[in-house]
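All values derive from a computational prediction rather than experimental measurement.
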Amino acid sequence: MRRPLLHWFFLLWLIIIPTTALAQSRTVATLQIIEIDQSQFPEMRVRFIAVDADGEAITTLANTDITLRENDQIIDAPSLTTGEPLPDKTAIVLDLGKYSNLDEFNDSALRQYLLSFAGETFRDGIDTLALYAVNPSFPTTTQTLVPLTNSADEYSRAVEQMPFDSTGGATSLDSVEYALEQLLLANEVESGNLAVIYIGSLLDDPLGQLNHARGEAARVGARFSQDGVRFYGLHTQANEYAEPLTTLAEGSPGFYTLFLPTEDNTRITSQIIQDIEAQNPTYQLSFRSTSSADGTRNITVETVGGRASNSQTYAVSVLAPEVRITSPLDEKVFVRDVAENSDGTVSYTLNRFAVEARIANWPDGKPRRVESAELLVDGIVVQTIDNPETDDFQFNVDISDYTNNTTLPLVLRVRDELGLESSSATVNIAIEVPERITQGSNTVATVVATPTLGPTQTPVIQRVGPDITIGACENDYLSPGCMALYIPWIGLALSLIALLVLFTRYRQQMKNVGGRIVAVADNVRKTLLGGATQTAPLATLHILSAKADRMGETYQIFNDLTVLGRDPQYTDLQLFDPNDDSSVSGRHCTIQYEKSLGKFLIIDHSTSGTRVNGQKLERDNPMVLGDGDEITLGLISKSGAKLRFEVGEVTDFVSAETVLDIGFQQQGVDTIFDDVGTKTQFEFGEDDLGDSFEVITPPEEDDIGDDWMRDLE
């Protein structure tokens with residue numbers, strides 16, 4: 001029973017020991033990062049090679065064998081795949097000295113050996129070949145037969161035209177080291193798999209001493225091993241001078257072999273090509289960077305346990321994206337028209353509006369995923385879009401809680417996948433809520449917001465006319481809130497009574513004088529100067545919002561040019577006093593009637609802007625007014641004004657200078673009478689109404705009195 005157990009143990013030992021030895025021989029001794037590709041940042045690619053202790057490429061690595069760090073932070077689950085193979089960079093050195101034994105080779109066969117390195121496995125434009133020779137005339141120099149080239153045609157043409165002259169002496173070890181240095185220089189530009197092939201009989205040094213050549217060969221071999229360059233020594237003679245060549249081959253990755261003219265050496269060249277090709281596999285680690293660090297970063301690839309590692313740096317500029325709100329534009333006005341419901345409450349026509357925004361630019365030139373986009377209204381986040389699929393964002397803002405005029409600042413805030421945040425410029429929009437409920441051109445009720453009302457409470461409706469307040473006061477008319485609504489009406493009633501008393505008191509006193517002045521002024525304007533007047537208004541302006549004592553008024557337009565503003569010196573319709581804190585300019589805008597066109601034009605002259613039906617006018621650029629258009633001067637939230645324009649029955653008329661135009665209102669009555677008595681005969685003829693007329697000659701200046709005035713009346 002014991003013997004079978006011993007047999008099984010021996011078999012298991014035979015299996016485990018070679019496997020363990022093989023695993024140990026294939027342990028990664030060196031990792032080398034070949035390339036860090038950040039062209040698709042934050043998507044990163046790290047290409048590297050893994051080599052064992054014998055300098056052989058390892059091609060069996062898995063994800064679990066490798067750890068990747070960026071700035072000392074472990075990258076979770078990077079993707080490990082096969083990378084683009086390294087370029088093969090091979091330099092061939094020929095000993096053309098008189099002892100090289102190359103003259104024993106068939107020239108055609110030797111050329112075919114050299115041409116095989118540019119055969120099917122050579123990747124044109126990627127792999128590189130060079131051909132050097134030990135110069136027979138100048139032993140201390142190396143002759144370049146074919147410089148490093150990645151063109152197979154260029155290499156092949158040079159080989160086919162090359163003469164094999166082996167008559168001189170040479171220092172071949174120097175030529176091998178020269179070829180090594182040329183490959184290392186080329187490798188600084190682009191990493192590759194390097195190899196030097198030497199074909200010759202002797203590997204001597206400048207002193208020509210074998211012992212010294214052996215030591216120099218060991219030194220050069222150490223350079224090959226340190227730089228990971230493979231050396232292949234092809235000995236063209238089986239003699240006692242092989243030791244320097246074997247010493248160099250044993251000290252570096254590669255091998256030594258006989259390369260005799262009497263043998264078919266095709267197998268040897270194929271073996272060298274396969275051995276070179278076996279060293280060019282690479283690995284690629286792909287990951288998505290999560291670091292927002294700007295500037296130089298460190299990438300480290302290491303085996304699990306840290307037996308082999310390699311670090312390289314790369315530099316990247318990382319900046320937050322530039323974002324912008326594209327709609328609405330700054331100072332956009334949203335009007336929430338108000339209407340009275342059957343139950344006495346109010347409703348509004350506009351409860352929401354859309355906001356459009358986008359990423360305008362990636363300043364670092366590295367577009368990446370957006371983690372979140374937030375819209376802030378008055379500093380509060382009202383809507384968030386997580387992981388948007390595009391760089392364009394759309395939001396919907398609820399304004400149903402705003403029942404008073406207000407200005408709202410809008411800001412877009414974006415955070416990208418690296419955690420970088422940026423905010424847009426502030427866009428201010430205005431919400432306007434009319435204070436009156438109208439039916440046609442008539443105001444039927446007003447919306448009163450008391451200090452006790454919050455943004456979500458229903459405003460109070462106060463009816464204009466015989467009806468009593470409805471809405472919030474319909475159940476308790478004696479409440480403090482409702483009593484506050486009566487005060488303006490009581491004050492208005494007392495003011496009307498006082499005005500009525502004053503008017504009655506002075507009416508009789510002004511009757512005679514006033515009648516005479518009106519009659520004289522009317523006849524002077526109609527007859528003396530012959531100027532026609534406009535009896536019907538061209539248009540009417542209904543004042544919806546302005547200074548408190550002007551709201552609800554109408555202004556009739558008779559002239560073809562009407563100026564609106566708050567400076568009495570320059571305006572026909574004054575909407576605010578000059579000292580009022582108002583966004584209405586002194587000379588804000590002009591309404592002009594173009595008879596030839598039969599149209600009304602409005603022209604903005606202000607600094608705060610004029611809008612028609614919410615559309616902002618270009619300064620000093622006329623715009624046509626239509627019947628029922630609403631005109632907004634400045635911002636309502638900043639004591640602006642709003643008017644509704646209605647076209648009247650426009651009649652043809654001739655604009656002429658009249659007594660009123662030349663300053664009748666600024667002159668005294670006596671002066672007018674003086675001018676009439678000394679210069680003018682009043683002729684009152686039959687007017688358009690069919691009244692009779694007569695000629696009245698005014699008396700001398702001293703005789704003007706009541707009798708003449710009565711006749712004039």
Inset, instruction - Could you tell me which non-hydrogen atom of G609 sits nearest to which non-hydrogen atom of H588, and how far apart they are? - result: O-NE2, 3.1 Å
Legend entry - Verdict with reasoning, D604 to M623, per side-chain contact (heavy atoms from CB on, under 4.5 Å): CA-CA 9 Å; D604 176 57; M623 175 179 177; over 6 Å; no
Legend entry - Nearest heavy atoms of I603 and N621, plus distance in Å: CG2-N, 4.2 Å
Inset, instruction - State whether the number of non-hydrogen atoms from other residues, nucleotides or ligands found under 6.0 Å of E553 atom CD is greater than 12. - result: yes
Legend entry - Flag for H605-S585: side-chain donor and acceptor within less than 3.5 Å: no
Legend entry - Minimum side-chain heavy-atom gap P578-P568 below 4.5 Å: yes
Inset, instruction - Could you tell me whether the side chain of D337 reaches within less than 4.5 Å of the side chain of V335, counting heavy atoms only? - result: yes
Inset, instruction - State whether the number of non-hydrogen atoms from other residues, nucleotides or ligands found under 6.0 Å of Q556 atom CD is greater than 12. - result: yes
Legend entry - Euclidean distance, L492 CG relative to I497 CD1, rounded to 0.5 Å: 10.0 Å
Legend entry - Close side-chain approach of L541 and I591, heavy atoms under 4.5 Å: yes
Legend entry - Residue pair F393 / I359, side-chain heavy-atom distance below 4.5 Å: yes
Inset, instruction - With rounding to the nearest 0.5 Å, note down the distance linking CG in L633 to OG in S583. - result: 8.5 Å
Inset, instruction - Report the relative orientation of the aromatic rings in F334 and F353; use parallel for angles under 30°, tilted for 30 to 60°, perpendicular for over 60°. - result: parallel
Inset, instruction - Check whether any side-chain heavy atom of S639 sits under 4.5 Å from a side-chain heavy atom of D581, and report yes or no. - result: no
Inset, instruction - List the atom of I399, the atom of R352, and the distance in Å for their closest heavy-atom pair. - result: CG1-N, 4.1 Å
Inset, instruction - Specify the closest pair of heavy atoms between R566 and N579, including all atoms of both residues, with the distance to one decimal. - result: NH1-C, 4.4 Å
Legend entry - Stepwise side-chain contact (heavy atoms from CB on, under 4.5 Å) test for D572 and Y555: CA-CA 10 Å; D572 299 297; Y555 178 85; 3.6 Å; yes
Legend entry - Spacing of OG1 belonging to T610 relative to CD1 belonging to I631, to within rounding of 0.5 Å: 8.5 Å
Inset, instruction - Report yes or no: is the cationic atom of R336 (NZ for Lys, CZ for Arg) under 6.0 Å from the centre of the six-membered ring of Y348, at an angle within 45° of the ring normal? - result: yes
Inset, instruction - Answer yes or no: is there an ion pair linking D577 with K547, defined by an N-O contact shorter than 4.0 Å? - result: yes
Legend entry - E594/K599 ion pair, N-O < 4.0 Å: no
Legend entry - Distance in Å, L319 CG paired with W362 CH2, rounded so as to fall on 0.5 Å steps: 11.0 Å
Let me check something: any side-chain donor-acceptor pairs from residues 322-333 under 3.5 Å, sequence neighbours excluded? List them with distances.
| from | atom 1 | to | atom 2 | distance (Å) |
| --- | --- | --- | --- | --- |
| T326 | OG1 | E356 | O | 3.1 |
| D330 | OD1 | N428 | N | 2.7 |

Inset, instruction - Taking all heavy atoms of P434 and all of V338, pick out the closest pair and write down the distance. - result: O-CG1, 3.8 Å
Legend entry - Over all atoms of both residues, closest heavy-atom pair of M551 and L544: CE-O, 3.7 Å
Inset, instruction - Rounded to the nearest 0.5 Å, what's the gap from CD on E371 to CD on E421? Could you check? - result: 9.0 Å
Legend entry - Contact check, side chains of T407 and I429, non-hydrogen atoms, under 4.5 Å: no
Inset, instruction - Indicate whether any N or O donor in one side chain lies under 3.5 Å from an N or O acceptor in the other, for D392 and T390. - result: no
Legend entry - Close side-chain approach of S317 to D294, heavy-atom, < 4.5 Å: yes
Legend entry - Worked verdict on F645 versus D627 for side-chain contact (heavy atoms from CB on, under 4.5 Å): CA-CA 6 Å; F645 177 81; D627 187 35; 5.6 Å; no
Legend entry - CA sep, side-chain torsions, deciding dist, call: V382, D398, side-chain contact (heavy atoms from CB on, under 4.5 Å): CA-CA 9 Å; V382 298; D398 185 353; over 6 Å; no
Legend entry - 4.5 Å side-chain heavy-atom contact, L643 and L575: yes
